Amino acid sequence: MVNSKQKGARFERTLAKLFREQGYEARRTQQYCGAVEDASDVVGLPYIHVEAKHYAKQAFSYDWMEQAKRDSKDNIPAVFHKTDNHEVLVTMTLNDWFTIYREFESSMRIKELQS
């Protein structure tokens with residue numbers, strides 16, 4: 001159990017670092033000591049609730065998404081997950097994906113018009 005918690009904490013630190021490398025002020029939350037200001041495992045992506053899962057071999061679980069939905073408040077729930085020796089994947093509902101995609105599409109159209 002301790003090794004599993006350590007692996008989870010390490011993955012949360014890795015995600016925070018990856019988010020910072022993309023220009024976001026990200027950090028792990030303090031859930032482990034009871035000072036929960038946000039239920040996300042990692043904060044710093046505005047409007048996104050981050051649920052982080054790292055397992056040796058287990059595939060994605062819908063329970064993870066249910067947990068993210070329960071904890072997300074007004075943010076978009078997203079599960080950032082990986083297994084050993086694989087890249088990080090992000091899972092979200094199709095409706096939430098379209099919410100993000102429409103914004104992306106809109107910004108691309110504006111960019112095209114400005115060219």
Side-chain angles (χ1 to χ4, degrees):
M1 183 72 151
V2 172
N3 189 34
S4 175
K5 284 187 177 191
Q6 290 172 345
K7 182 181 274 192
R10 200 167 37 249
F11 181 52
E12 290 169 5
R13 285 191 295 273
T14 298
L15 277 180
K17 180 179 183 249
L18 292 170
F19 296 167
R20 286 192 303 272
E21 288 172 357
Q22 293 297 318
Y24 295 94
E25 293 182 27
R27 63 177 172 73
R28 285 182 69 215
T29 59
Q30 301 296 311
Q31 293 182 45
Y32 58 89
C33 67
V36 181
E37 71 275 11
D38 184 323
S40 288
D41 291 331
V42 178
V43 294
L45 293 182
Y47 313 109
I48 301 292
H49 171 85
V50 175
E51 192 63 45
K53 301 292 183 183
H54 182 208
Y55 284 86
K57 295 181 182 179
Q58 183 175 346
F60 177 80
S61 168
Y62 278 88
D63 293 340
W64 301 345
M65 180 55 70
E66 290 306 314
Q67 178 183 0
K69 286 179 183 179
R70 273 193 317 271
D71 296 344
S72 66
K73 297 182 183 169
D74 294 327
N75 294 321
I76 294 174
V79 179
F80 292 74
H81 53 101
K82 74 179 295 301
T83 58
D84 290 348
N85 303 312
H86 288 85
E87 64 186 321
V88 177
L89 300 177
V90 180
T91 301
M92 60 180 39
T93 66
L94 183 61
N95 285 339
D96 289 337
W97 183 85
F98 272 115
T99 297
I100 292 172
Y101 181 75
R102 282 187 189 97
E103 292 298 319
F104 167 76
E105 180 185 28
S106 176
S107 70
M108 293 303 289
R109 289 182 191 275
I110 291 170
K111 195 173 183 180
E112 289 171 0
L113 292 173
Q114 293 173 341
S115 297

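The basis for the numbers below is simple: all heavy atoms, side chains too, and nothing from hydrogens, waters or symmetry mates. The structure displayed is predicted, hence computed values, not measured ones.
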### Task
First locate atom CD of E12, then atom CZ of R27, and finally report the distance between them rounded to the nearest 0.5 Å.
12.0 Å
#### Entry: For T93 against K69, the heavy-atom pair lying closest together
CG2-CE, 3.7 Å
### Query
Could you walk me through whether H54 and D84 pass the side-chain contact (heavy atoms from CB on, under 4.5 Å) check?
CA-CA 8 Å; H54 182 208; D84 290 348; 3.0 Å; yes
### Query
Can F104 be reached from F98 by stepping across I, L, V, M, F, W or Y side chains whose heavy atoms are under 4.5 Å apart?
yes
### Query
Side chain of D71, backbone of A39: donor and acceptor closer than 3.5 Å?
no
### Query
In terms of hydrophobic clustering (I, L, V, M, F, W, Y; side-chain heavy atoms under 4.5 Å; direct or indirect links), are F80 and L94 co-clustered?
yes
### Y62 with W64, same ILVMFWY side-chain cluster at under 4.5 Å
yes
#### Entry: Spacing of T91 atom OG1 and H81 atom NE2 [to the nearest 0.5 Å]
2.5 Å
## Note on the structure
salt bridge (Lys or Arg N to Asp or Glu O under 4.0 Å) filter on K82, not counting sequence neighbours, yields none
#### Entry: From CA spacing to verdict: side-chain contact (heavy atoms from CB on, under 4.5 Å), F19, V50
CA-CA 11 Å; F19 296 167; V50 175; 4.1 Å; yes
### Query
If two hydrophobic side chains count as joined below 4.5 Å and joins carry through other members, does V90 share a cluster with Y24?
yes
### Message
List the residues meeting salt bridge (Lys or Arg N to Asp or Glu O under 4.0 Å) with D74, not counting sequence neighbours, and say none if there are none.
### Response
none
## Note on the structure
In terms of heavy-atom contacts, A26 and A16 come closest through CB-O, 3.7 Å
### Task
Show your working on salt bridge (charged side-chain N to carboxylate O under 4.0 Å, His left out) between R70 and E66 and close with a plain yes or no.
CA-CA 6 Å; R70 273 193 317 271; E66 290 306 314; 5.6 Å; no
### Query
Where is the tightest heavy-atom contact between H49 and A68, given as atom of each residue plus distance?
CD2-O, 3.5 Å
### Summary
Looking only at heavy atoms, the pair that brings F11 and K53 closest together is CE2-O, 3.4 Å
## Note on the structure
Heavy atoms of M92 and I100 approach each other most closely as CE-CD1, 3.6 Å
### Task
Can you tell me which residue pairs pass the salt bridge (Lys or Arg N to Asp or Glu O under 4.0 Å) test with a partner in residues 95-110, sequence neighbours excluded?
E105-R109
### Task
May I have the step-by-step check of side-chain contact (heavy atoms from CB on, under 4.5 Å) for T83 and K57, ending in yes or no?
CA-CA 6 Å; T83 58; K57 295 181 182 179; 5.9 Å; no
### Query
So, for A78 and I48, which heavy atoms are closest and what is the spacing to 0.1 Å?
CB-CG2, 4.1 Å
### Query
Counting heavy atoms not belonging to Q22, are there more than 12 under 6.0 Å from its CD?
no
### Query
Do L45 and Y101 share a hydrophobic cluster, counting only Ile, Leu, Val, Met, Phe, Trp and Tyr and linking them when any side-chain heavy atoms are less than 4.5 Å apart?
yes
### Message
Quick check for you: to the nearest 0.5 Å, what is the distance between S106 atom OG and K111 atom NZ?
### Response
13.0 Å
